[in-house]
Amino acid sequence: MRALVQRVSQAAVDVEGERVAQIGPGLLVLLGVGVGDGEGECDRLAEKVRALRLFDDAEGKMNEPLGEREILCVSQFTLYGDAARGNRPSYMAAARPELAEPLYDRFCARLGAAKGVFGACMGVALINDGPVTVMVEVEP
């Protein structure tokens, strides 16, 4: 599984012009599920994201974990896009939706994250704080 994690001052998701989720300061997580991923990878990645020290401490150093801040999680199969051969990415490494959606739901539940709509065309708005963006991955 892969998570592109962005520290945000705010983030929101709209589907068909309607706001479906919104957070204040915290993390926007774009989550990709790969072929072969399961509950173990999901749980490890959720704990890793929760423990990331991406927030400033009292001395201004990135040393604080998420704490009571919010998370917004958006499914993003394109994180598994492979453009090594040609200009049109292949998504063969991304898990099929029927396998990916339950892991997306599990990941969000473990983190108490606000959610986008799995499989929908979404408009994601964010103000990246820093900017701070980190790719986190766990292997099956």
Side-chain angles (χ1 to χ4, degrees):
M1 290 182 79
R2 294 179 179 164
L4 184 68
V5 180
Q6 300 180 1
R7 185 178 76 183
V8 298
S9 56
Q10 62 184 21
V13 176
D14 295 337
V15 176
E16 297 180 5
E18 183 177 327
R19 177 80 20 113
V20 296
Q22 181 174 324
I23 64 166
L27 299 175
L28 172 65
V29 178
L30 304 178
L31 182 71
V33 179
V35 172
D37 287 335
E39 291 180 351
E41 291 78 23
C42 179
D43 295 349
R44 287 196 328 264
L45 185 60
E47 291 310 310
K48 181 78 172 177
V49 167
R50 180 186 307 284
L52 286 173
R53 298 188 321 183
L54 298 178
F55 297 93
D56 292 348
D57 64 14
E59 297 173 8
K61 296 182 181 182
M62 274 198 304
N63 205 23
E64 293 289 325
L66 181 66
E68 297 300 315
R69 295 173 193 91
E70 299 175 285
I71 296 179
L72 173 57
C73 187
V74 175
S75 61
Q76 185 91 36
F77 77 92
T78 59
L79 287 178
Y80 278 93
D82 180 1
R85 300 176 67 184
N87 294 321
R88 184 169 188 253
S90 167
Y91 300 104
M92 297 300 294
R96 302 276 315 144
E98 60 272 11
L99 300 172
E101 186 172 11
L103 292 175
Y104 167 72
D105 289 338
R106 181 182 180 99
F107 181 87
C108 293
R110 290 190 65 88
L111 291 172
K115 298 167 52 175
V117 177
F118 187 91
C121 183
M122 294 174 271
V124 180
L126 69 134
I127 298 177
N128 194 319
D129 180 20
V132 174
T133 303
V134 178
M135 178 67 82
V136 183
E137 187 169 8
V138 296
E139 300 282 332

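The minimum heavy-atom distance linking Pro102 with Pro97 is given by the pair CD-O, 4.3 Å. Among all heavy-atom pairs drawn from Ala84 and Asp82, the shortest one is N-OD1, 2.9 Å. A pairwise comparison of heavy atoms in Ser90 and Met92 identifies OG-CG, 3.2 Å as the closest pair. Here the closest non-hydrogen pair linking Asn87 and Pro89 is O-CD, 3.5 Å. Between Ala21 and Ala114 the shortest heavy-atom distance is CB-CB, 4.1 Å. In terms of heavy atoms, Val15 sits closest to Ala120 at CG1-CB, 4.1 Å.
Leu52 and Leu28 are assigned to two separate hydrophobic clusters, defined by single-linkage of ILVMFWY side chains at heavy-atom distances under 4.5 Å. Leu72 and Val132 fall into different hydrophobic clusters, where Ile, Leu, Val, Met, Phe, Trp and Tyr side chains are chained together by heavy-atom contacts under 4.5 Å. Each of Val13 and Leu111 belongs to its own hydrophobic cluster when Ile, Leu, Val, Met, Phe, Trp and Tyr are linked at side-chain heavy-atom distances under 4.5 angstrom. The cluster map of Ile, Leu, Val, Met, Phe, Trp and Tyr, joined by side-chain heavy atoms under 4.5 Å apart, puts Val124 and Leu4 in the same cluster. Placement of Ile127 and Leu30 in two distinct hydrophobic clusters is found when ILVMFWY residues are connected by side-chain heavy-atom separations under 4.5 Å, directly or transitively.
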Given side chain to side chain contact (heavy atoms under 4.5 Å, CB included), test Ser75 with Lys115 step by step and report yes or no. CA-CA 8 Å; Ser75 61; Lys115 298 167 52 175; over 6 Å; no
Please assess Glu137 against Met1 for the test side chain to side chain contact (heavy atoms under 4.5 Å, CB included), listing each intermediate value before the final yes or no. CA-CA 6 Å; Glu137 187 169 8; Met1 290 182 79; over 6 Å; no
Test side chain to side chain contact (heavy atoms under 4.5 Å, CB included) on Ile71 and Val29 and set out the steps. CA-CA 7 Å; Ile71 296 179; Val29 178; 4.0 Å; yes
Walk me through it: do Leu54 and Val134 pass the test side chain to side chain contact (heavy atoms under 4.5 Å, CB included)? CA-CA 9 Å; Leu54 298 178; Val134 178; 3.9 Å; yes
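Although no hydrogens or angles enter the test, the distance criterion places a donor-acceptor pair under 3.5 Å between the side chain of Glu41 and the main chain of Gly38. A donor-acceptor distance shorter than 3.5 angstrom exists from the side chain of Arg7 to the backbone of Asp129, with no hydrogens or angles considered. Panel note: side chain Asp14, backbone Gly17; no donor-acceptor pair is recorded below 3.5 Å.
Of the charged side-chain nitrogens involved, at least one lies within less than 4.0 Å of a carboxylate oxygen, so that Asp43 and Arg110 count as a salt-bridged pair. A salt bridge links Arg106 with Glu39: the closest approach of a Lys/Arg side-chain nitrogen to an acidic carboxylate oxygen falls below 4.0 angstrom.
Atom CD of Glu16 sits in a sparse spot, with 12 or fewer heavy atoms from other residues, nucleotides or ligands closer than 6.0 Å. Dense packing is recorded around CE of Met135, with more than 12 heavy atoms of other residues, nucleotides or ligands lying under 6.0 Å away. More than 12 heavy atoms of other residues, nucleotides or ligands lie within 6.0 Å of CZ in Arg19, so this atom counts as buried by the packing criterion.
Phe77 is linked by a side chain to side chain contact (heavy atoms under 4.5 Å, CB included) to Tyr91, Ala94, counting only residues two or more places apart in sequence or in another chain. Partners of Phe107 according to the ring-ring contact (aromatic ring centres under 6.0 Å, His included) rule, which considers only residues two or more places apart in sequence or in another chain, do not exist here. Remark: Phe118 engages Tyr104 in a ring-ring contact (aromatic ring centres under 6.0 Å, His included) (not counting sequence neighbours).
Side chains of Met62 and Phe55 form no contact here, defined as non-hydrogen atoms less than 4.5 Å apart.
Rounding to the nearest 0.5 Å gives a distance of 4.0 Å between OG1 of Thr133 and CD of Gln6. Once rounded to the nearest 0.5 Å, the distance linking CG of Asp56 with NZ of Lys61 reads 11.0 Å. Put simply, OG on Ser9 and CZ on Arg69 are 12.5 Å apart, with the number rounded to the nearest 0.5 Å.
Between Leu103 and the choices Asp37, Leu31, Leu45, the side-chain contact (heavy atoms from CB on, under 4.5 Å) rule is met once, by Asp37.
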